[in-house]
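Worksheet: the structure to be examined is printed underneath.
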Amino acid sequence: MSVHNCKECQLKCAAAKYLNEDEYNVLEEHSVSVPFKKGEIIFKQDALSLNVAYLKSGLAKIHVHGPSHEKIIKIVKAPSYLGIPTMIGDKINQFSATALEDTTVCFIDTNLFVNFIHTNGKFAYELILELSRNELSDYQRYVSISQKQIPGMVAETLLCLSCKIYESCNFSLPISRSEIGDLIGTSRESVSRVLTDFSNEKIIEINLNEVKILNMERLKQINEKG
DNA sequence: GCATTAACCACAG
DNA sequence: CTGTGGTTAATGC
């Protein structure tokens, strides 16, 4: 456990801004900050859900094991809550979270968290905002994966990593080809092929996991027309 | 039919 | 884990 001062924490979520002095003190007593290394499991599907997890820094994947394969639901960048739905909605985790790079996660006592929702309207409202945004972006992703062809979906993931996660045209893939397949619902082979196709067409440059987007416009075209 | 798309398999780095 | 090639099944023109 690291030094813990919730009020001074620069990484706290929008909702936590609305806590008062007393609430901060209680929060500090009922939460811990834990570092995770790349690849470590933050919490696991089917285990008992004991805490609300808040990703303070780093990157994580939310994933479930389906009937046949592993399915990655989404990649989450800090700062963000990791799975409010599974913490409050059920006693058993409905999915797993795994660190994709070195991360810090704050675990908060679920009962306390629920208390804040009951007693602090602004806190609750901010939380609902975040949940709503998540649901809307999930809807968009459902549409994408059900209607796009593979190049469109690979383009979408590259754009997402570039624009939303790394905010740069140059970045290093945080996940393997096989995991990209699990993310967009296709095979690792197809991902490989599309990636080399993109590279041959000079849309991206790729060696190992280093990606450089050369033709952003083209990539957006492929993303949109599927 | 023929072309396209993508999954599955296998084998080589 | 990745890249490639061959094969197969489904779909569309």
Side-chain angles (χ1 to χ4, degrees), chain A residues 35-47 55 57-78 82-83 93 95-105 137-226:
Chain A
F36 287 88
K37 291 203 169 64
K38 179 182 168 73
E40 284 185 326
I41 297 168
I42 298 167
F43 57 81
K44 198 161 166 36
Q45 183 173 357
D46 297 333
L55 187 65
S57 66
L59 203 64
K61 64 172 177 179
I62 302 292
H63 52 119
V64 303
H65 45 259
S68 52
H69 318 283
E70 192 79 354
K71 165 75 183 167
I72 298 181
I73 306 296
K74 60 178 169 183
I75 310 278
V76 183
K77 179 196 181 186
L82 289 177
N93 289 332
F95 51 83
S96 307
T98 303
L100 294 178
E101 50 185 52
D102 291 356
T103 64
T104 314
V105 178
S137 68
D138 286 346
Y139 286 174
Q140 290 178 350
R141 283 182 38 78
Y142 295 152
V143 175
S144 287
I145 57 177
S146 57
Q147 295 183 0
K148 280 182 184 174
Q149 292 187 331
I150 292 171
M153 296 191 290
V154 174
E156 182 175 308
T157 18
L158 289 175
L159 287 169
C160 173
L161 288 170
S162 167
C163 302
K164 296 187 181 157
I165 308 276
Y166 294 108
E167 292 165 30
S168 162
C169 288
N170 308 305
F171 56 89
S172 176
L173 287 176
I175 51 178
S176 69
R177 316 294 145 112
S178 164
E179 285 174 306
I180 296 176
D182 292 339
L183 178 62
I184 64 184
T186 187
S187 63
R188 64 168 190 85
E189 289 100 326
S190 296
V191 175
S192 271
R193 264 187 257 271
V194 170
L195 248 24
T196 52
D197 285 349
F198 283 178
S199 179
N200 290 336
E201 292 165 36
K202 307 289 177 214
I203 299 168
I204 61 170
E205 198 175 289
I206 182 163
N207 37 6
L208 268 45
N209 285 336
E210 297 301 320
V211 175
K212 179 187 274 190
I213 295 179
L214 301 173
N215 191 339
M216 184 64 86
E217 287 312 307
R218 183 86 189 96
L219 202 58
K220 284 178 179 168
Q221 274 177 26
I222 296 171
N223 172 37
E224 280 158 26
K225 79 160 204 255

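Below, read A as the first sequence line, B as the second, and so on, with proteins coming before strands; counting in each chain starts at 1. What you see is a predicted model, and the numbers here were worked out from it, not measured in a lab.
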Please report the distance, rounded to the nearest Å, between [atom1] in [X] and [atom2] in [N].
X      : N      : atom1 : atom2 : answer
A:Q149 : B:dA3  : CD    : C1'   : 13 Å
A:D197 : C:dG3  : CG    : C1'   : 12 Å
A:L173 : C:dG3  : CG    : C1'   : 15 Å
A:I150 : B:dT5  : CD1   : P     : 10 Å
A:L208 : B:dG13 : CG    : P     : 17 Å
A:R193 : B:dT5  : CZ    : C1'   : 11 Å
A:N207 : B:dG13 : CG    : P     : 21 Å
A:K148 : B:dT5  : NZ    : C1'   : 17 Å

Taking atom CG of A:N93 and atom CD of A:Q45, what is their separation to the nearest 0.5 Å?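 Separation between the atoms: 8.5 Å.
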Check the phosphate of C:dT2 against A:S176, side-chain N and O only, distance under 4.0 Å to OP1 or OP2. Yes or no?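 Yes, because at least one side-chain N or O of A:S176 sits under 4.0 Å from OP1 or OP2 of C:dT2.
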Please determine if a side-chain N or O atom of A:S190 lies less than 4.0 Å away from the OP1 or OP2 oxygen of B:dA6.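 No, A:S190 has no side-chain N/O under 4.0 Å of OP1/OP2 on B:dA6.
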With A:K148 as reference, evaluate A:V143, A:I222, A:N223, A:I184 under the side-chain contact (heavy atoms from CB on, under 4.5 Å) test and give the passing residue.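 Per the side-chain contact (heavy atoms from CB on, under 4.5 Å) rule, the option paired with A:K148 is A:N223, out of A:V143, A:I222, A:N223, A:I184.
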Kindly indicate whether the side chain of A:E156, heavy atoms from C-beta on, has any atom under 4.5 Å from the side chain of A:I145.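 A side-chain contact is absent here, since even the closest heavy-atom pair is not under 4.5 Å.
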Earlier contact from the 5' end, DNA chain B, for A:G185 and A:R188: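 Counting from the 5' end, the first nearest nucleotide belongs to A:G185.
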For the residue pair A:F43 and A:F95, does the interplanar ring angle fall in the parallel (under 30°), tilted (30 to 60°) or perpendicular (over 60°) class?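 Plane angle between 30° and 60°, so tilted.
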Suppose we call a contact any N or O donor and acceptor under 3.5 Å apart; does that hold for the side chain of A:E189 and the base of B:dC8?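 Donor-acceptor pair under 3.5 Å: no.
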